[in-house]
Amino acid sequence: MPLPPALGALRLPAIAAPMFLASGPDLVVEVSGAGLMGSFPALNCRSTTALDDWLAEIAGRLGLGVPYGVNLIVHRSNPRLEADLARVVAHKVPVVITSLGAVPDIVGAVRGYGGVVLHDVIGLRHAEKALGAGVDGLIAVCAGAGGHAGTLSPFAFMAELRAMFAGTIALAGGITTGAQIAAAQLMGADLAYLGTRFLVTRESLAPEAQKRMTARARSADIIRTDAVSGVAGNFLRESLIAAGLDPEALPAHGALDLAAEARAWATIWSAGQGAATIRDIPAAAELCARLIAEHGAAIAALRAV
Ligand SMILES: Cc1cc2nc3c(=O)[nH]c(=O)nc-3n(C[C@H](O)[C@H](O)[C@H](O)COP(=O)(O)O)c2cc1C
């Protein structure tokens with residue numbers, strides 16, 4: 001179960017996952033500076049020029065050799081993909097996280113400067129396609145994850161992926177504690193991938209009301225629907241109701257359109273079932289230190305069994 005050299009020096013094998021409208025330079029710098037890996041979606045920048053500024057700021061604040069990641073949405077409705085990729089290549093971003101499509105040209109461009117491509121998948125067919133495109137690693141997005149969540153049990157999907165791929169696998173879906181990160185490793189994952197837990201931190205750019213709504217939600221308050229954007233995702237029940245929707249009778253939606261999705265996500269808020277265990281809004285560095293301590297304690301407790 002190898003980690004790419006870029007990620008080998010992490011204090012805790014965990015990634016703060018990219019989150020639309022929530023991850024920005026402060027979150028990335030605090031997380032990567034604390035020994036996990038921070039990341040953000042390129043589309044959180046208003047323009048490719050703004051992406052250039054963010055990349056320069058993050059690299060400058062972190063210094064050489066500290067890994068961070070950028071998420072590129074590979075879909076025909078993302079008109080910025082080519083221009084954003086050119087800035088990613090120019091800044092030699094250590095880790096590129098691709099979503100939706102896996103494309104050999106993008107993998108080639110990133111590997112060309114020594115970068116690593118991780119691709120998120122919710123099923124075996126996606127994983128096979130991504131491996132065919134030459135990605136370095138897979139992110140298994142399982143049931144209960146925030147964003148465009150999958151439906152598979154992490155136990156089933158992780159084992160299925162591990163049986164067909166010996167490379168890097170990150171596991172996602174409801175992970176919010178250091179013990180759960182250790183559990184992901186026991187299940188065969190190289191890395192844990194945490195979104196919702198980092199959504200509810202001080203540095204997250206999400207509205208305070210979204211953080212508070214997430215921190216009071218229970219797992220049953222997370223509704224999986226494709227009504228918001230055309231791709232199934234997990235959303236806070238309270239925010240669906242506030243937007244005038246009936247969570248028990250959600251309308252059908254057409255094909256994915258990123259522009260429409262961007263508008264919808266500003267008012268209908270995504271979060272994963274991990275919300276059930278989140279009750280505070282810590283500073284990101286404090287959260288990272290807590291995760292590292294919990295992870296160490298969980299490993300020690302296992303050794304003592
Ligand atoms: C508010 C929010 C926004 C997200 N936006 C993106 C995104 O822009 N790109 C992406 O690849 N994943 C996105 N995700 C998914 C996360 O990257 C990650 O897969 C997921 O949060 C992991 O599950 P967890 O929330 O249970 O930890 C988002 C998740 C949340 C909660």
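Note: hydrogens, waters and symmetry copies are ignored here, and every other heavy atom, side chains too, is used. Atoms within each ligand, like the ligands themselves, are counted from 1 in listed order. Residues: numbered from 1 along the sequence shown.
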Could you identify the single nearest non-hydrogen protein atom to [atom] and state the distance to 0.1 Å?
| atom | answer |
| --- | --- |
| atom 25 (O) of ligand 1 | T196 OG1, 2.5 Å |
| atom 21 (O) of ligand 1 | G195 CA, 3.3 Å |
| atom 1 (C) of ligand 1 | S270 O, 3.6 Å |
| atom 19 (O) of ligand 1 | Y193 CE2, 3.4 Å |
| atom 5 (N) of ligand 1 | F20 N, 2.8 Å |
| atom 29 (C) of ligand 1 | G147 N, 3.4 Å |

Output yes when a side-chain donor or acceptor of [X] lies under 3.5 Å from a complementary backbone atom of [Y], and no otherwise.
| X | Y | result |
| --- | --- | --- |
| S239 | W269 | yes |
| R202 | A284 | no |
| N44 | M19 | yes |
| Y68 | L62 | no |
| N78 | H75 | no |

Exercise. Is there a heavy atom in G144 that sits closer than 4.0 Å to ligand 1?
Worked result: yes
For this session: Would you check if the distance from the ring center of F40 to the ring center of W54 is below 6.0 Å?
Result: yes
Seminar exercise, completed: Between L194 and the options L287, I15, I181, the side-chain contact (heavy atoms from CB on, under 4.5 Å) test singles out I181
Exercise. Given L138, which of D120, L131, L118 fulfils the side-chain contact (heavy atoms from CB on, under 4.5 Å) condition?
Worked result: L131
Identify, by atom number and element, the atoms of ligand 1 in contact range of [X], meaning under 4.0 Å from any of its heavy atoms.
| X | result |
| --- | --- |
| L194 | 27 (O) |
| G174 | 24 (P), 26 (O) |
| D120 | 11 (O) |
| S99 | 10 (C), 11 (O) |

Exercise. Considering only heavy atoms from C-beta outward, does the side chain of H119 approach that of I97 to under 4.5 Å?
Worked result: no
Problem set entry | Test of proximity, G272 against ligand 1: N or O pairs below 3.5 Å | no
Report the member of [options] with the shortest heavy-atom distance to [atom].
| atom | options | answer |
| --- | --- | --- |
| atom 9 (N) of ligand 1 | I15, I73, L43, N71 | N71 |
| atom 12 (N) of ligand 1 | A149, G146, P18, C142 | P18 |
| atom 2 (C) of ligand 1 | Q180, M19, H148 | M19 |

Exercise. Does any pair with a residue in residues 5-30 pass side-chain hydrogen bond (donor to acceptor under 3.5 Å, both in side chains), and if so which ones, sequence neighbours excluded?
Worked result: D26-R61
For this session: Indicate, as side chain, backbone, both or neither, the part of W265 found under 4.0 angstrom from ligand 1 when only non-hydrogen atoms are considered.
Result: side chain
For this session: With heavy atoms under 4.0 Å as the rule, classify the contact between P41 and ligand 1 as side chain, backbone, both or neither.
Result: side chain
For this session: Using the side chain to side chain contact (heavy atoms under 4.5 Å, CB included) rule, take I292 and L36 through it: C-alpha gap first, then chi angles, then the decisive distance, then the call.
Result: CA-CA 9 Å; I292 291 169; L36 286 67; 4.1 Å; yes
